[in-house]
Amino acid sequence: METQEGPAGNTWSGTDPSAGPPPAPLPRSFFQRDARVVARALLGKVLVRDDGRSARIVETEAYRGSLDPGSHTYRGPTPRNATMFGPAGHLYVYFTYGMHWCANAVCGDESDGTAVLLRAAAPLTGLEAMRDARRVRRDVDLCNGPAKLCQAFGVDRAFDGADVVAADRGLWFADDGTAPPRRPGNSTRVGLTQGRDHPWRWWVPGDPNVSKGRPS
DNA sequence: GGTAAGATCAGC
DNA sequence: CTGATCTTACCA
């Protein structure tokens with residue numbers, strides 16, 4: 001019988017004593033589904049980093065490969081999107097607008113090129129580290145956008161390809177018992193010029209940490 | 001080799 | 001609403 005413990009090699013050091021032991025990572029099968037299903041299922045799950053930072057996912061978007069003109073993988077494999085064409089349960093991190101990083105959870109079957117963009121989250125623990133990484137007045141501004149979330153968690157190029165099931169880089173998703181909303185908010189995606197008709201954005205209704213980004 | 005656009009954000 | 005800031009992808 002094993003005691004409840006985090007992924008091998010990780011040292012949970014959450015600053016909130018009530019946070020308890022490190023929650024186990026979601027299994028790979030969680031991600032091996034249609035990205036639209038995973039996008040909704042991720043609402044309410046917790047993004048965890050082994051330095052104590054954690055936040056509840058409150059907004060996501062699905063990107064669907066060759067079926068989706070708005071996806072980085074729409075036109076086939078390139079050096080940049082290689083991770084998205086790999087196995088589910090890895091993190092696809094890309095650089096954009098000359099200064100921002102954004103993170104996705106790769107979904108579906110290998111070579112599908114599908115993923116879920118993490119658009120916003122509600123900070124839970126490790127707020128000091130997040131405030132350190134981002135100079136903002138209100139905590140609600142720490143993770144209320146895809147690039148803000150990455151900055152708050154210190155996610156950059158070094159995390160592209162990270163296995164969030166094996167948690168090989170100290171980053172994973174956990175289920176703390178919070179169920180996804182019965183009826184999530186839904187709209188077209190934010191910031192796209194192509195594929196903007198697809199309603200593949202979802203969020204937790206009423207959560208103040210949902211991004212201010214407007215659908216295209 | 002040149003260039004246009006980009007799954008964004010902060011400040012005015 | 002605009003500027004920042006630079007990588008990527010695509011075309012010549």
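Residue numbers start from 1 in every chain, and the chains themselves are labelled A, B, ... in the order their sequence lines are given, proteins ahead of strands.
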Let me know the distance between [atom1] of [X] and [atom2] of [N], rounded to the nearest Å.
| X | N | atom1 | atom2 | value |
| --- | --- | --- | --- | --- |
| A/His72 | C/dC10 | NE2 | C1' | 15 Å |
| A/Arg80 | C/dC6 | CZ | C1' | 12 Å |
| A/Gln194 | C/dA9 | CD | C1' | 13 Å |
| A/Asp68 | B/dA7 | CG | C1' | 10 Å |
| A/Tyr74 | B/dG6 | OH | P | 15 Å |
| A/Asp160 | B/dA7 | CG | P | 15 Å |
| A/Phe95 | C/dA9 | CZ | C1' | 16 Å |
| A/Asn81 | C/dT7 | CG | C1' | 14 Å |

So what does A/Arg135 touch, heavy atoms closer than 4.0 Å: a base, only the sugar-phosphate, or nothing?
nothing
If we only count heavy atoms from C-beta on, is the A/Val116 to A/Tyr63 side-chain gap below 4.5 Å?
no
Looking at C/dT7, C/dA9, B/dA7, which one has an atom nearest to any side-chain atom of A/Pro79?
C/dA9
Between [X] and [Y], a side-chain donor and acceptor under 3.5 Å:
| X | Y | answer |
| --- | --- | --- |
| A/Asp112 | A/Thr114 | no |
| A/Ser211 | A/Arg119 | yes |
| A/Ser54 | A/Arg49 | no |

Salt bridge A/Arg134-A/Asp139, side-chain N to carboxylate O under 4.0 Å:
no
Parallel, tilted or perpendicular: which one describes the rings of A/His72 and A/Tyr92, with boundaries at 30° and 60°?
perpendicular
Under 3.5 Å for both donor-acceptor distances, Watson-Crick or wobble: does B/dA4 have a partner, and if so which one?
C/dT8
Give me the distances for all protein-to-nucleotides 8-12 of chain B N/O pairs that come in under 3.5 Å?
unit_1: B/dT8; atom_1: OP1; unit_2: A/Arg119; atom_2: NH1; d: 3.2
unit_1: B/dT8; atom_1: O2; unit_2: A/His100; atom_2: NE2; d: 2.8
unit_1: B/dC9; atom_1: OP1; unit_2: A/Pro146; atom_2: N; d: 3.2
unit_1: B/dC9; atom_1: OP1; unit_2: A/Ala147; atom_2: N; d: 2.9
unit_1: B/dC9; atom_1: OP1; unit_2: A/Lys148; atom_2: N; d: 3.1
unit_1: B/dC9; atom_1: O4'; unit_2: A/His100; atom_2: NE2; d: 3.2
unit_1: B/dA10; atom_1: OP1; unit_2: A/Arg134; atom_2: NH1; d: 3.0
unit_1: B/dA10; atom_1: OP1; unit_2: A/Arg134; atom_2: NH2; d: 2.7
unit_1: B/dA10; atom_1: OP2; unit_2: A/Lys148; atom_2: NZ; d: 3.4

Minimum heavy-atom separation for A/Gly86 and A/Val106, please, with both atom names.
O-CG1, 3.7 Å
